[in-house]
Amino acid sequence: MELKSLLKLSAAASLALVAGACSSDDNGKNPNGTGDNNGGSEVVCDTCATTPTTSPFSDKSILIDNFEDGDGQTAQGQGWFTYDDQGNGGSSVISTPVNEEGYPTAFGEGYESNYSFKVDYTLDKGDYAYDPYVAIGVAISEADFSEIGGIHYCYKGGIHTVRVETSDVTDYDVHGSKQLASTAAWKCVDVKFRDLIQEGWGEPVVFNKANINQISFHIKGNAKVSTGSLMIDNIYFLHTSDLPADVADLEKKPAEIPVVTIGEIAISNPLQEKAMKYLNKGVNFTNWLENADGKFNGKFTFGESDIKLLSGYGFKSLRLPIDLDLYVSNRKDFLADSTGATELKFDDEALFTVLDSFDIWTAKYGMSFVIDYHEYDNSYNLTSSKDSIYIKMMAGVWKHVAEHYATSEREDLFFELLNEPDMTNGKVTAVLWTNAAQAMIDAIRTVDKKHSIIFGDAQWYSISLLIKRTPFTDDNIIYAIHTYEPFLFTHQGGSWTDYAAIHDIPFPYVAEDWSEYSFTYGVNAGVIGGVKTAIKNYYKTGNKEAILQNVAKAKDWAVTNNVPVIINEFGALRDKSDAQSVLNYYKAMSDICDTLQIPWTHWGYTGGFSVVDSEGKLYEGLAEAMKLEAK
């Protein structure tokens, strides 16, 4: 059914596509904001004018509307419509003349032609929680978009974005251009599909041009009340041959590989031998007990069969990330009591069912066991880094766990104080973290002097902070670092990062294979400047020696202070990278750790950084790359 049969508008006010298509999502996020206003590669082409009778494009491009028939329908027979924010509590109004049948009619001055589609609008926030908005839209008939690469149109008037909507997006976080500036003179633009971005508040969806079903021109304001107009003309879907030629924005620079001099690596401290024996070739269990809602409920996401599988592949250590303070049964009351009178209470049944099970299973299959206090809710960082009560709770948690294992004869059981104490925003200083860590060390040592403790520094187990540190006086501590460099490679496609759109970054960098076009690697209007800079500098960072140079700083510090250092997190997302580059990266990391005699633990078992596929099989080539010896 054509939209015009559904959308009959009065001259005074438009029909809001009420409320369904334009309502806020359940979390109160704004589905109608604009995208990133930095960058973008739509091409302004004041010379690419069209006329009512002649198309400047090949017959392979698809005319949507040039409005010369003045009937308010596209060349495909679809009716134009408008909508506003009134269904969401706003008071915005958008209007356009209508014909005798009540349908919107093209009446505005055309771009070197007779007519355009013109709307007048008032943006009025009213009671809407976000910025007010109005829009023009039209449904798109099914067509062969396989050779279509973008959208062309001309406009005059207010700030707006063009959105190319697809049926894949079901939460209205549709793909659109960056915001286009207002203009008092006609301008024509070409927006390539590859530069369309979602606004980011909804579910990420890859743009699929085969499923285009609507286009819209979205007008949004940041003032309480504002008025304006917008005229749209000469809308085409462009064949790739009609799009402007790409302009190279990257260079094939020769790789800059640093010369790294390896100094003394021998460490006489017996903890070094212990670390190499028990903490090398390890793996993390991920996305389970460390989650904010990950308290063990009696059901094992991972269990004995997984330990057996990993051991069989040649992994020798398990790091178990677990948020230990979730097992404080009176956590809220304890933290609220500034007098210190409240005693900690624990859900021992849940806590020690899971810990004791992995203690037994790892021993059975010859793997060491690291209990890693791991907060994904980031409580310590966000609210409590200076809070003596919170630190007292963390220390009490460790005392409780250490006391439980104090009589264990296992030499290969380790207590890791707190993973990345400033996981989210990096506001925990080295001084604050030292004080908290010392409190936990002291608490452990009141009940257990045997088992080794693992300490990592603030700023995500930073190398740069560690090498400024004086080791703790406790002589049974192993020091940990994390490294995910080059971050551009290891986190490309990570939805939680600024690198979500990036893909196909190779490792290592090879000049001859490097593209001169950043769009090859996913750069679009939504990619921030820092990511673009990382891509331009990849000729310096995309090699094993650059990683080695950084990690060697930690090893030099360890040698100087005669203490062991380990890497217990590293890894690379595999979904947006080619398999061989991932293997190249893992071989590089394995070589680096062998060269420096640093034990490693990979992040992680499953998920985007996984070492096994959905069937539990080790990814092809990983055993060789990581020098694993199957049992």
**Q** Are the ring centres of F285 and F302 closer than 6.0 Å?
**A** yes
**Q** Does the pair T606 and N287 meet the rule for a side chain to side chain donor-acceptor pair (under 3.5 Å), with working shown?
**A** CA-CA 8 Å; T606 59; N287 303 313; 5.2 Å; no
**Q** May I ask you to decide if Y461's main-chain N or O and E420's side chain share a donor-acceptor pair within less than 3.5 Å?
**A** no
**Q** CE/M589 to CD/E485 distance, rounded to the nearest 0.5 angstrom?
**A**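 Interatomic distance, M589 CE to E485 CD, rounded to 0.5 Å: 10.0 Å.
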**Q** Work out which heavy atom in Y278 is nearest to a heavy atom in D412; give both atom names and the distance.
**A** CD2-CB, 3.4 Å
**Q** If you take all heavy atoms of V447 and A402, which pair is closest and at what distance?
**A**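 Closest approach of V447 to A402, heavy atoms only: CG2-CB, 3.7 Å.
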**Q** As an exercise, state the distance from CD1 of I371 to CG of L413, rounded to the nearest 0.5 Å.
**A** 5.0 Å
**Q** Please confirm whether the backbone N or O of A572 pairs with a side-chain atom of T490, one donor and one acceptor, at under 3.5 Å?
**A** no
**Q** State, with a plain yes or no, whether a side-chain heavy atom of W600 is found less than 4.5 Å away from one of K281.
**A** yes
**Q** Just by distance, do the side chain of S581 and the backbone of S577 share a donor-acceptor pair under 3.5 Å?
**A**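 Judged by distance alone, no pair lies under 3.5 Å.
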**Q** Might you point out which heavy atoms bring A275 and P599 nearest each other, and give the distance in Å?
**A**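 Of all heavy-atom pairs spanning A275 and P599, the closest is O-CG, 3.5 Å.
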**Q** So I322 and H374, do their side chains get closer than 4.5 Å, heavy atoms only?
**A** no
**Q** Is any side-chain heavy atom of L618 closer than 4.5 Å to one of V611?
**A**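 A side-chain contact under 4.5 Å exists here.
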**Q** Could you tell me whether R574 sits above the aromatic face of Y619, with NZ or CZ closer than 6.0 angstrom to the six-membered ring centre and within 45 degrees of the axis?
**A**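 Positive - R574 is close enough to the ring of Y619 and near enough to its axis.
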**Q** Between Q272 and Q597, is there a donor-acceptor pair closer than 3.5 Å when you use the side chain of the first and the backbone of the second?
**A** yes
**Q** Search all heavy atoms of W398 against all heavy atoms of E416 and return the closest pair with its distance.
**A** CZ2-O, 3.0 Å
**Q** Look only at the side chain of S317 and the backbone of L279, and say whether a donor-acceptor pair between them is shorter than 3.5 Å.
**A**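 Pair absent, no side-chain N/O of S317 close to backbone of L279.
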**Q** Would you say D474's side chain and N476's backbone share a donor-acceptor pair under 3.5 angstrom?
**A** yes
**Q** Check the side chains of N284 and T286 for a donor-acceptor pair under 3.5 angstrom, ignoring hydrogens and angles.
**A**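 No - no donor-acceptor pair under 3.5 Å links their side chains.
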**Q** Would you please test E569 and I481 for side-chain contact (heavy atoms from CB on, under 4.5 Å) and show each step?
**A** CA-CA 7 Å; E569 277 193 32; I481 59 172; over 6 Å; no
**Q** According to ring-ring contact (aromatic ring centres under 6.0 Å, His included), who are the partners of Y521, at least two apart in sequence or on a separate chain?
**A** W514
**Q** Run K392 and Y390 through side-chain contact (heavy atoms from CB on, under 4.5 Å) and show every step you take.
**A** CA-CA 5 Å; K392 182 180 178 181; Y390 196 92; over 6 Å; no
**Q** Under 4.5 Å between any side-chain heavy atoms of L320 and V370, yes or no?
**A** no
**Q** Do L351 and F296 have side chains that get closer than 4.5 Å, going by heavy atoms?
**A** no
**Q** Closer than 3.5 angstrom, by distance alone: can the side chain of N88 be matched with the main-chain N or O of G90 as a donor-acceptor pair?
**A** no
**Q** D131 versus K220: any side-chain heavy-atom pair under 4.5 Å?
**A**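 A side-chain contact exists here, since the closest heavy-atom pair is under 4.5 Å.
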**Q** Output yes when a side-chain donor or acceptor of R331 lies under 3.5 Å from a complementary backbone atom of F334, and no otherwise.
**A** no
**Q** Do K274 and E411 sit within salt-bridge range, that is, some charged N less than 4.0 Å from a carboxylate O?
**A**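 Here K274 does not pair with E411 in a salt bridge, since their nearest N and O are not under 4.0 Å apart.
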**Q** Is the number of heavy atoms from other residues, nucleotides or ligands under 6.0 Å of K399 NZ greater than 12?
**A**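 No - once you tally the heavy atoms of other residues, nucleotides and ligands closer than 6.0 Å, there are 12 at most.
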**Q** Have a look at F415 and tell me which of Y373, Y405, F455 forms a side chain to side chain contact (heavy atoms under 4.5 Å, CB included) with it.
**A** Y405
**Q** Between side-chain atoms of residues 303-311 and protein atoms elsewhere (two or more places apart, or another chain), which donor-acceptor pairs fall under 3.5 Å?
**A**
{"residue": "E304", "atom": "OE1", "partner": "W361", "partner atom": "NE1", "Å": "3.4"}
{"residue": "E304", "atom": "OE2", "partner": "K364", "partner atom": "NZ", "Å": "2.8"}
{"residue": "E304", "atom": "OE2", "partner": "Y365", "partner atom": "OH", "Å": "2.9"}
{"residue": "D306", "atom": "OD1", "partner": "Y605", "partner atom": "OH", "Å": "2.6"}
{"residue": "D306", "atom": "OD2", "partner": "G303", "partner atom": "N", "Å": "2.7"}
{"residue": "S311", "atom": "OG", "partner": "Y365", "partner atom": "O", "Å": "2.7"}
{"residue": "S311", "atom": "OG", "partner": "K631", "partner atom": "NZ", "Å": "2.8"}

**Q** R410 vs T362, test: side chain to side chain donor-acceptor pair (under 3.5 Å). Steps then yes/no.
**A** CA-CA 11 Å; R410 290 192 66 172; T362 53; 2.9 Å; yes
**Q** Between I444 and L417, does a side-chain contact (heavy atoms from CB on, under 4.5 Å) hold up when you go through it step by step?
**A** CA-CA 10 Å; I444 291 170; L417 295 179; 3.9 Å; yes
**Q** What closest approach, in Å, do I598 and V565 show between heavy atoms, and which atom pair accounts for it?
**A**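 Reported closest heavy-atom pair: CG2-O, 3.6 Å.
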**Q** Judged by atom type as modelled, is there a donor-acceptor pair below 3.5 Å linking the side chain of D422 to the main-chain atoms of Q459?
**A**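 Side chain of D422 to backbone of Q459: a pair is present.
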**Q** What's the separation between atom CE in M276 and atom CD1 in I267, rounded to the nearest 0.5 Å?
**A**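 CD1 of I267 is found 10.0 Å from CE of M276.
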**Q** Would you say CG of D127 has more than 12 non-hydrogen atoms from neighbouring residues, nucleotides or ligands within 6.0 angstrom?
**A** no
**Q** Tell me every residue that passes ring-ring contact (aromatic ring centres under 6.0 Å, His included) with Y499, counting only those two or more places apart in sequence or in another chain.
**A**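 Scan of Y499 (ring-ring contact (aromatic ring centres under 6.0 Å, His included), adjacent residues dropped) gives F487.
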**Q** How about Y479 and W557: are their ring centres within less than 6.0 Å of each other?
**A** yes
**Q** Please report the shortest heavy-atom distance between Y586 and G571, naming the atom on each side.
**A** OH-CA, 3.7 Å
**Q** Return the CD to CZ distance between Q438 and F472, rounded to the nearest 0.5 Å.
**A**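 Spacing of CD (Q438) from CZ (F472) equals 6.0 Å.
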**Q** List the steps, then state whether side chain to side chain donor-acceptor pair (under 3.5 Å) holds for K627 with S590.
**A** CA-CA 7 Å; K627 302 181 180 70; S590 180; 3.2 Å; yes
**Q** Just wondering, do I547 and P486 contact through their side chains at under 4.5 Å, heavy atoms?
**A**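 With C-beta onward as the side chain, the pair touches.
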**Q** Flag the pair F609 / H491 as yes when their ring centroid distance falls below 6.0 Å, and as no otherwise.
**A**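 For F609 and H491, the ring centres are under 6.0 Å apart.
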**Q** Within the distance-only criterion (no hydrogens, no angle test), does the side chain of S610 pair as donor or acceptor with the backbone N or O of D613 below 3.5 angstrom?
**A** no
**Q** Contact between D356 and F352 at the side-chain level, heavy atoms closer than 4.5 Å - yes or no?
**A** yes
**Q** Do NZ/NE/NH1/NH2 and the carboxylate oxygens of D347 and K295 come within less than 4.0 Å?
**A** yes
**Q** Using a 6.0 Å cut-off, check whether atom NZ of K450 has over 12 heavy atoms from anything other than its own residue.
**A**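 Atom NZ in K450 is crowded, with more than 12 foreign heavy atoms closer than 6.0 Å.
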**Q** Per the side chain to side chain contact (heavy atoms under 4.5 Å, CB included) rule, which among K617, M626, E629 passes with Y313?
**A** K617
**Q** For the pair D457 and K468, find out whether any cationic side-chain nitrogen is under 4.0 Å from an anionic carboxylate oxygen.
**A** no
**Q** For the OG1 atom of T541 and the CD1 atom of I535, what is their distance to the nearest 0.5 Å?
**A** 10.5 Å
**Q** Could you state the interatomic distance from CZ (R319) to CG (N568), rounded to the nearest 0.5 Å?
**A** 4.0 Å
**Q** Can you list the steps and then say if N280 with K316 is a side-chain contact (heavy atoms from CB on, under 4.5 Å)?
**A** CA-CA 7 Å; N280 198 22; K316 298 179 179 179; 5.8 Å; no
